[in-house]
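The structure appears right after this line, and notes come after that.
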Amino acid sequence: MAGLLALSGCNEPTPLQKTAPQADIIAKLDEHAKGIQRGNPDASLSVAVVREGKVEFIRLYDKSSRGKTVIGAQEPIFEAASLGKPVFAYLTLKLVDLNILSLERPLYQYAPDLFDGSDPRLKRITARMLLSHTSGLANFDEKDPLKLRFDPGTEFTYSGSGYALLQQVLERRTGLNLETLARIHVFEPLGMSSTSYLWQRAYDYRIRFGYDAEGDRITDKRKPSIGNAAWSLHTTAGDYARFLVAMMDEAAEPELKERMLQTHKTVTGKIGWSMGWGLQATKPNGSIWHWGSNPGYRSYTVGYPQEDMGIVVLSNNEKLFEKIEPLILNTIGGTLPSYHWF
């Protein structure tokens with residue numbers, strides 16, 4: 001993954017806790033997470049730590065478990081929102097390897113009606129552009145969903161609608177819906193048994209309902225019956241950590257990972273974008289990251305492929321996002337320049 005990031009340096013980091021005893025890492029995490037939970041008693045916080053190619057542990061902090069190691073069905077379900085985008089990007093690249101579509105061929109050639117707007121530049125948009133947020137499409141412009149903000153492939157603007165558009169192309173090319181494709185190519189192979197782009201009946205008993213920025217519970221919980229690559233992913237910290245492990249495994253699918261994680265667009269001196277993942281300049285080596293933000297839910301994940309270390313944090317309270325960064329730095333170390341970008 002030599003092409004992971006080629007951006008300028010960062011501030012002096014806290015050393016990554018690559019060799020610290022697990023008990024020490026858990027003690028640091030408990031201290032910080034329990035403080036967050038005491039100040040937000042209705043909140044749920046689920047944290048998974050990855051080291052040396054495996055999910056080392058998963059800890060839950062809420063009313064029922066104020067710092068408890070959990071596994072399997074003990075783990076609660078959260079809306080992961082945009083954490084579904086790296087999953088979808090990986091799925092897309094798997095289908096590219098199967099020659100179902102090309103990263104470079106204009107998608108207009110696969111589905112002309114989806115790109116048949118008044119702007120002829122729409123016919124130049126490719127899968128690579130949509131996955132790297134360089135297509136020019138805005139982020140869910142309901143008035144004009146095909147309005148371009150710039151020439152495709154020239155600049156960066158974050159666009160969930162671009163992912164939803166590519167999803168439609170993949171579903172047409174395969175004759176299968178997003179959930180089926182993800183289950184065949186991602187969820188089942190990686191052991192993500194609690195993850196879905198659709199609402200599952202079992203979620204009724206495992207979901208952590210969201211709380212808004214005022215601390216009020218959001219009673220109208222969305223239960224998607226149609227998957228959306230941009231926002232509908234539901235998962236656990238453990239399942240998503242298994243996905244993060246797979247993304248940092250250089251031995252498995254090395255060409256796909258190299259292609260996926262290389263910098264496709266430099267956004268700032270410290271932030272770039274690949275196909276699916278944000279990239280950030282961290283020391284001693286670059287890291288991959290993404291965040292999730294749906295009403296009532298906030299999440300963040302970061303992985304250091306060269307150090308084979310990472311963390312996944314899921315929460316059900318909008319107020320917790322600003323508290324997740326110090327929790328991560330206190331637990332595994334490192335730096336997070338992306339946290340101050342978006």
Report task. Quick one: list whatever passes side chain to side chain donor-acceptor pair (under 3.5 Å) with Asp97, sequence neighbours left out. Result ->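 Listed in chain order: Arg259.
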
Query raised in the report: For Ser102, which residues count as a side chain to side chain donor-acceptor pair (under 3.5 Å) partner, sequence neighbours excluded?
Result: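 Result, side chain to side chain donor-acceptor pair (under 3.5 Å) vs Ser102: none returned.
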
Please name all residues satisfying salt bridge (Lys or Arg N to Asp or Glu O under 4.0 Å) with [X], sequence neighbours left out, ordered by chain then number.
X	answer
Arg124	none
Lys63	Asp42
Asp151	Arg121
Glu325	none

Is there a path of hydrophobic side-chain contacts, each under 4.5 Å between heavy atoms of I, L, V, M, F, W or Y residues, that connects [X] with [Y]?
X	Y	answer
Ile36	Tyr211	no
Ile328	Val47	yes
Val169	Leu122	yes
Tyr304	Trp341	yes
Leu198	Val186	no

Just wondering, more than 12 heavy atoms not from [X] lying within 6.0 Å of its [atom1]?
X	atom1	value
Glu31	CD	no
Ile226	CD1	no
Glu255	CD	no
Leu256	CG	yes

Restricting to non-hydrogen atoms, name the atom on [X] and the atom on [Y] that form the minimum distance, rounded to 0.1 Å.
X	Y	value
Leu60	Pro76	CD1-CG, 3.7 Å
Gly278	His290	N-CD2, 4.3 Å
Leu261	Leu279	O-CD1, 3.7 Å
Tyr297	Gly210	OH-N, 3.2 Å

Mind jotting down which residue pairs meet the salt bridge (charged side-chain N to carboxylate O under 4.0 Å, His left out) criterion with at least one end in [range]? Sequence neighbours excluded, please.
range	answer
residues 333-342	none
residues 155-175	Asp113-Arg172
residues 15-27	none
residues 181-196	Glu179-Arg183

Using side-chain heavy atoms (C-beta onward) and a distance below 4.5 Å, is [X] in contact with [Y]?
X	Y	answer
Phe243	Thr301	no
Ile311	Val50	no
Leu45	Asn40	no
His32	Thr331	no
Thr235	Leu83	no
Tyr240	Ser299	no

Check whether [X] reaches the backbone of [Y] with its side chain - one donor and one acceptor, N or O, closer than 3.5 Å.
X	Y	result
Ser159	Ala138	yes
Ser232	Tyr197	yes
Asn330	Lys28	yes
Thr282	Ser287	yes
Tyr61	Lys34	no
Gln167	Gly227	yes
Asp216	Asp212	no
Gln280	Ile271	no
Lys265	Thr154	yes
Asp141	Asp144	yes

Report task. Please determine which of Lys221, Arg298, Lys223 meets the salt bridge (charged side-chain N to carboxylate O under 4.0 Å, His left out) test together with Glu79. Result ->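 Answer after filtering Lys221, Arg298, Lys223: Lys221.
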
Report task. Go through the side-chain N and O atoms of Ser194 and Thr236 and say whether any donor and acceptor fall under 3.5 Å apart. Result ->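 Side chains of Ser194 and Thr236: no pair found under 3.5 Å.
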
**Report entry** ring-ring contact (aromatic ring centres under 6.0 Å, His included) partners for Phe156, two or more places apart
**Finding:**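 For Phe156 the ring-ring contact (aromatic ring centres under 6.0 Å, His included) partners, ignoring immediate neighbours, are His133, Trp273.
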
Query raised in the report: Which word best sums up how the rings of Trp289 and Trp291 line up, parallel for under 30°, tilted for 30 to 60°, or perpendicular for over 60°?
Result: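 Taking Trp291 first and then Trp289, their aromatic rings lie parallel (interplane angle under 30°).
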
Requested in this report: State plainly whether the residues Lys257 and Asp249 are in salt-bridge range, i.e. N to O under 4.0 Å.
Outcome: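 Answer for the salt bridge query: no.
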
Under 3.5 Å, side-chain donor or acceptor atoms of residues 85-92 against the rest of the protein: list the pairs with distances, not counting sequence neighbours.
| unit_1 | atom_1 | unit_2 | atom_2 | d |
| --- | --- | --- | --- | --- |
| Lys85 | NZ | Ser82 | OG | 2.8 |
| Lys85 | NZ | Tyr158 | OH | 2.9 |
| Lys85 | NZ | Ala230 | O | 3.0 |
| Tyr90 | OH | Glu253 | OE1 | 2.7 |
| Tyr90 | OH | Glu253 | OE2 | 3.4 |
| Thr92 | OG1 | Phe88 | O | 2.9 |

